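Everything numeric here is computed off the predicted structure, so don't read it as measured data.
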Amino acid sequence: QVQLVESGGGLVQAGGSLRLSCAASGSIFSINALGWYRQAPGKQRELVAAITSGGSTNYADSVKGRFTISRDNAKNTVYLQMNSLKAEDTAVYYCNAEVQVLEAYGSRIHRYEYDYWGQGTQVTVSS
């Protein structure tokens, strides 16, 4: 079982900054891509930023130049530094992890990849 726990959300004024963290724990063999998504009321969940195991990143056009995603592989943690926040950044932010786990079946061990989600953290930007 793998758990993702997010932290760092809150209320901030427009132009301010927040840093989100998401720590993965449990029976983890390795973590491939990590990402941050957000969902505003009445809207679909959208990708905000993602980072591969090799460190390559991609961002939604709406956050380029303002948000930075990073990861600490030793801590199984992904971060999202959010600067110059705008009212339209208000949403629940979710982290996502592509996690490889080992599962034993008799004398054989298999490696599987699963998608895990955090519980979400609210970010509210007041204008």
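- At a cut-off of 3.5 Å, with distance as the only test, a side-chain donor of Asn83 or Ser17 sits close to an acceptor on the other residue.
- A distance of 5.0 Å separates CD of Gln100 from CD of Glu113, quoted to the nearest 0.5 Å.
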How far apart are the C-alpha atoms of Glu103 and Tyr105, what are their side-chain angles, what is the distance that settles it, and do they pass the side-chain hydrogen bond (donor to acceptor under 3.5 Å, both in side chains) test?
CA-CA 7 Å; Glu103 297 179 2; Tyr105 292 93; 2.9 Å; yes
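- Of the possible polar contacts, one joining the Thr90 side chain to the Val125 backbone as a donor-acceptor pair under 3.5 Å is found.
- Here the options are Asn76, Ile28, Ile31, the test is side chain to side chain contact (heavy atoms under 4.5 Å, CB included), and the partner is Val2; only Ile28 passes.
- Atom CG of Asn96 is separated from atom CZ of Arg45 by 9.0 Å, given to the nearest 0.5 angstrom.
- Between the OG atom of Ser30 and the CG atom of Asn32 there is a distance of 5.0 Å, given to the nearest 0.5 Å.
- A heavy-atom distance below 4.5 Å is not found between the side chains of Arg71 and Tyr79.
- Taking Tyr112 as the reference, nothing meets the ring pair (Phe, Tyr, Trp, His ring centres under 6.0 Å) condition, with sequence neighbours excluded.
- Atom CE of Met82 is separated from atom CZ of Arg38 by 9.0 Å, given to the nearest 0.5 angstrom.
- Clustering of Ile, Leu, Val, Met, Phe, Trp and Tyr side chains at separations under 4.5 Å places Leu102 together with Phe29, Ile109.
- Annotation: salt bridge (Lys or Arg N to Asp or Glu O under 4.0 Å) contacts of Lys43 (sequence neighbours excluded): none.
- Note that CG of Leu34 and SG of Cys22 are 7.5 Å apart. Values are rounded to the nearest 0.5 Å.
- Using a 4.5 Å cut-off between side-chain heavy atoms of Ile, Leu, Val, Met, Phe, Trp and Tyr, with links allowed through other members, Val63 and Trp36 fall into the same hydrophobic cluster.
- The hydrophobic cluster containing Val92 also includes Tyr37, Leu47, Tyr94, Trp117, under a criterion of side-chain heavy atoms closer than 4.5 Å among ILVMFWY residues, counted directly or through chains of members.
- Not a single donor-acceptor pair under 3.5 Å links the side chain of Ser62 to the backbone N or O of Ala60.
- The side-chain heavy atoms of Tyr59 and Val48, taken from C-beta on, include no pair separated by under 4.5 Å.
- Using a 3.5 Å distance cut-off with no hydrogens or angles, the side chains of Gln122 and Thr124 do pair a donor with an acceptor.
- Classification of the Tyr93-Phe67 ring pair by plane angle, with boundaries at 30° and 60°, yields tilted.
- When all heavy atoms of Glu98 and Asp115 are compared, the closest pair comes out as CG-OD1, 3.5 Å.
- Looking only at side-chain heavy atoms (C-beta outward), Thr121 and Leu20 come within less than 4.5 Å of each other.
- For the salt bridge (Lys or Arg N to Asp or Glu O under 4.0 Å) test, residues two or more places apart in sequence or in another chain that qualify with Arg66 are Asp89.
- Using a 4.5 Å cut-off between side-chain heavy atoms of Ile, Leu, Val, Met, Phe, Trp and Tyr, with links allowed through other members, Val123 and Val78 fall into the same hydrophobic cluster.
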List, one per line, each side-chain donor-acceptor pair under 3.5 Å for residues 3-14, sequence neighbours excluded.
residue, atom, partner, partner atom, Å
Gln3, OE1, Ser25, OG, 3.4
Glu6, OE1, Gln119, N, 3.2
Glu6, OE1, Gly120, N, 2.4
Glu6, OE2, Cys95, N, 2.6

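- Atoms OG and CG, on Ser126 and Leu85 in that order, are 10.0 Å from each other to the nearest 0.5 Å.
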